[in-house]
Visitor: 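Quick one: the structure is below, questions incoming.
Quick note: residue numbers are just sequence positions, from 1.
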Amino acid sequence: MTTLPMQSRFVPVSTDIPLLGLRRGDLLAVLPCDRYRGDAIYMLTLEGTPMPVRARPARPGEVSVVALHPGGGAARMTCGQFADLLLGQVLAACRMLDPSLLGSA
């Protein structure tokens with residue numbers, strides 16, 4: 001018996017992220033997870049807003065987090081603190097070519 005992978009969900013980007021070539025309104029495919037899984041880009045809820053961050057290992061039991069949007073800053077937190085903010089790991093990006101198509105029909 002094989003296990004099906006968890007389904008990713010699309011989360012809109014709330015601000016321009018030049019480092020990833022993304023603009024506000026583009027989408028990130030986020031694979032739900034409940035813990036730090038290694039050096040990667042994750043989606044955290046920061047001040048109520050989903051934001052992509054780069055997370056890397058720090059000291060044992062800690063994660064170093066760097067915001068990807070301009071002026072976002074960096075922080076070091078425990079793996080538990082990280083898990084409390086975690087929405088999932090970013091799988092892919094989807095750039096909107098014609099945002100007008102998303103409006104009400």
Visitor: Output the distance between atom CD1 (Ile41) and atom CD1 (Ile17), rounded to the nearest 0.5 Å.
Guide: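 Answer rounded to 0.5 Å: 9.0 Å.
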
Visitor: Are Phe82 and Leu87 grouped together when hydrophobic residues (ILVMFWY) are joined by side-chain heavy atoms under 4.5 angstrom apart?
Guide: no

Visitor: Of all the heavy-atom pairs spanning Ser8 and Pro32, show the shortest one and how long it is.
Guide: CA-CD, 4.3 Å

Visitor: Relative to the ring of Tyr42, is the ring of Tyr36 parallel (under 30°), tilted (30 to 60°) or perpendicular (over 60°)?
Guide: tilted

Visitor: CG of Asp16 to CG of Leu22: how many Å apart, nearest 0.5 Å?
Guide: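 The distance works out to 9.0 Å.
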
Visitor: So, for Leu86 and Leu44, which heavy atoms are closest and what is the spacing to 0.1 Å?
Guide: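 Taking Leu86 first and Leu44 second, the nearest heavy atoms are CA-CD2, 3.7 Å.
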
Visitor: Supply the atom-to-atom distance Met77 CE to Leu85 CG, rounded to the nearest 0.5 angstrom.
Guide: 5.5 Å

Visitor: So which atom in Gln89 and which in Ala40 form the shortest heavy-atom distance, rounded to 0.1 Å?
Guide: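 Shortest heavy-atom contact: NE2-CB, 3.2 Å.
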
Visitor: Counting N and O atoms only, with roles assigned by atom type, does the side chain of Arg23 sit under 3.5 Å from a partner on the main chain of Met96, one being a donor and the other an acceptor?
Guide: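 Checked: pair present.
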
Visitor: State, to 0.1 Å, how close Ser14 and Met51 come at their nearest heavy-atom pair, and which atoms those are.
Guide: OG-SD, 3.3 Å

Visitor: Can you tell me which residue among Val65, Val63, Asp39 is in a side chain to side chain contact (heavy atoms under 4.5 Å, CB included) with Arg56?
Guide: Asp39

Visitor: Within this structure, what is the CG-CE distance for the pair Leu68 and Met43, rounded to the nearest 0.5 Å?
Guide: 9.5 Å

Visitor: Are Val30 and Leu27 connected in the hydrophobic side-chain network, where two residues link if heavy atoms are under 4.5 Å apart?
Guide: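 Each belongs to a different hydrophobic cluster.
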
